[in-house]
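First comes the structure, then the notes that go with it.
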Amino acid sequence: MSLATLLLLADGRLPSGGHAHSAGLEAQVSAGRVRSVADLDGFLRGKLATSALVSAAFAAAACAAPAAFAGLDAGLDARTPSPALRKASRAQGRALLRAGRAMWPVAAIGREPHQPVALGALASAAGLSPHEAAVAAAHGTITGSASAAVRLLGLDPYAVHALLARLAPECDRIAELAAARSGDPVDELPAAGAPLLDIGAEHHATWEVRLFAS
Amino acid sequence: MKAEARVVAESDGLGGTRLAVLRGQSPLLLRQTGPRVAGGVTVHLVGGAAGPLRGDELRLDIEVGPGAWLELLSVAAQLALPGRPAPASRLTINATVAAGGTLRWIPEPLIAAAGCDHLAITRVAVAAGGALLWRDDLVCGRHGEDPGDFVADTLIRYDGSTLHRHELAVGPRAAGWNGAAVLGDARALGTVVTAGPATLTAGSATPNAAVMPLAGPGLLATAVDADIRAVRAVLDPFCAAHPTAKAPVPA
Amino acid sequence: MHPEPQHPEPQHPEPQHSEPQHLEPHEHGPDEVPHTHPDPGVDPHAPLHSGPRALRVGIGGPVGSGKTALVAALCRALGEQLRLAVVTNDIYTTEDADFLLRNGVLPAERIRAVETGCCPHTAIRDDISANLDAVEDLESSLGPLDLVLVESGGDNLTATFSKGLIDRQIFVIDVSGGDKVPRKGGPGVTTADLLVINKTDLAPLVNADLSVMERDAKARRHELPTVFLSLAEDRAAAPVADWIRGLVAAREHGREL
Ligand SMILES: Nc1nc2c(ncn2[C@@H]2O[C@H](COP(=O)(O)OP(=O)(O)OP(=O)(O)O)[C@@H](O)[C@H]2O)c(=O)[nH]1
Ligand SMILES: [Mg+2]
């Protein structure tokens, strides 16, 4: 394992398409549910308990066994009822794979895998552990929305980073929980859902004018 | 309290449905409620006591055979209550639907009262050619109160593959459940999962609802709102209009 | 093992490498799965088609300078002769793609719109993945192409394309912002392979002196070419179309770009 490699994988500047996605935030901003740093706090805590936990567990599982990608991919399909979110996850998985292949010898995991599966396969190719893959996944789930909040709402970037610092221990805890469960059968892996993310993504996908792809 | 209930619906060979098994224990009491629909059978969960309370272990098994049509309703909302200090109350539902069979599960809402600790586990397996409509409504807390802990853990399989896998947690132990990713200010949530060839794509999409085609053969309709009546206004018509609402016509 | 045979991806554009790069097998420890390491800078995927991939030309420039009008003109001028496709990068909408469709310059299957999430320059420079995916999707659905035009979202004078995305770039400014723009410079004006100064028909209305613009452009760009254009009058963008024909021909004759 290499800490510098992990930082590389989790860096928001990795050219993996993430900048075009708000990870559900834009829809909730437009619905008036996120206006302030306090609202963002609630949004991110909910994400950590739901989509971050799921992503982290699947990234850890894919890191432990990249060859099992097809079952993990199907498991994420079953956990992602919103077609818009499935599409966004696969687009980001494909972009991440493109970046990863330039960096490490990534196993064949299909052309457009779900993002957590791609992340796990990259982590594995980079010599990282399933737990590290889970940390990168949980961290990426909240930092993407946080940077979108700075752009969409003009929130004070220092206040947003202070929030991310407060959430870091929770992020670690979620990653640990996810990694501990990553050896379970796919049906038993975390499946925590977030109804507003699903509903928001479906409406967002139909907007004529939007800043983010999801 | 420990209780078990079981219902087995099978084809009567004449294009209709009969109940081969119908038994329950308080608070899981089942009653056949008249041939409301030709060809199918409707059963109501009539409930026997307030609950579930902490420590309750409830189990409901549902089996729908080839060609049978079964609709399960309930007469009143379930009210999950704290009761004495004890482990979480648990309701486990296991359902199977055979090829050509139809199951509709449309109970009244579950109300997660303050201080409750309740787990609802749902496992449904639908064979290829079977049809399912599975509705669950949740109200977080009685009027003006915060909910206790409630977790729904749902797994729906179709033709041997997992079609829908979902957990939802609300209450003091569920971080961020009232944040803008999960429920926000909404206190009522309704979901309908349909599985099988009979699909309905048209669905009312108010700003707080969506009808989503799953990756496999099925749909999820989700609605949230401050008030359960707004959720019903979306999901009741959806359930009524769904192709599974038509029971087979007996010969 | 990579590359995946069932989903070949087009070669990563690396104009500076003309020789195919080979993946060298190397020694591995006993606990390692044997594998090859990709050469950094070379996409380790089989090219989609044999033969050279399409020439990719980026078209950038400030909001409203005439990028989409230029793309439309090039489609009119070159659409019959070349196998052509277009990727648009709108900031909020699919306005540009819709304009091209409405004007019937190219059939729908030859146009892809990329969404850029608040940052049009990021999508063409720092994180080009969505654009590469769009180019790749066009090539896999249409077969071999000669030319792909990538229009950036309207941005500022510093926005340029990554060489990982395009082979050549055109920067489009117009006269309506005044004759000072070439003097202000910036990477777009100074480094683009072709500078287009558009809307010359408006020059008298805004008191823009074209000779000043020409002189300043020359000072900033040295030997790099600049053309003056009025897309309102020249609906086939003749000088730009000729410039692109020259590039495509050079490529066909195996000359390095
Ligand atoms: N008078 C005049 N108008 C032009 C000319 N070229 C383009 N326009 C007009 O300028 C406006 C903007 O042109 P577009 O092609 O949409 O500009 P763009 O650079 O693609 O704009 P964005 O994509 O929004 O950044 C349109 O109304 C065009 O009709 C020209 O040569 N002369
Ligand atoms: Mg344009």
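In this text, all values refer to a predicted model and were calculated from it rather than measured experimentally. Within every chain, numbering begins at 1; the chains are lettered A, B, ... in the order of the sequence lines, protein sequences first and strands thereafter.
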| task | Sort Leu96(A) into side chain, backbone, both or neither according to what part of it lies under 4.5 angstrom from a heavy atom of chain C. | result | neither
| said: As a test of understanding, state which of Leu147(C), Leu145(C), Val148(C) forms a side chain to side chain contact (heavy atoms under 4.5 Å, CB included) with Arg83(C). | reply: Leu145(C)
| Asp133(C) versus chain A, heavy atoms under 4.5 Å apart: side chain, backbone, both or neither? | both
| request: Could you walk me through whether Asp96(C) and Thr68(C) pass the side chain to side chain donor-acceptor pair (under 3.5 Å) test, one step at a time? | output: CA-CA 6 Å; Asp96(C) 287 347; Thr68(C) 303; 3.0 Å; yes
| Test log, rule side chain to side chain donor-acceptor pair (under 3.5 Å), inputs His114(A) and Asp77(A) | CA-CA 8 Å; His114(A) 279 292; Asp77(A) 264 349; 2.8 Å; yes
| Selection from Ala125(A), Ser214(A), Ala20(A) maximising heavy-atom pairs under 4.5 Å formed with chain C | Ala20(A)
| task | Identify which part of Ala130(C) has an atom lying under 4.5 Å from any heavy atom of chain A, answering side chain, backbone, both or neither. | result | neither
| request: Side chain from CB out, backbone as N, CA, C, O: work out which of these in Asp137(C) comes under 4.5 Å of a heavy atom of chain A, or both, or neither. | output: both
| said: Using the side chain to side chain contact (heavy atoms under 4.5 Å, CB included) definition, which of the options Thr190(C), Thr191(C), Val189(C), Val196(C) pairs with Phe171(C)? | reply: Val189(C)
| request: Decide yes or no for Lys67(C) and Ile170(C): does some side-chain heavy atom of the first lie under 4.5 Å from some side-chain heavy atom of the second? | output: no
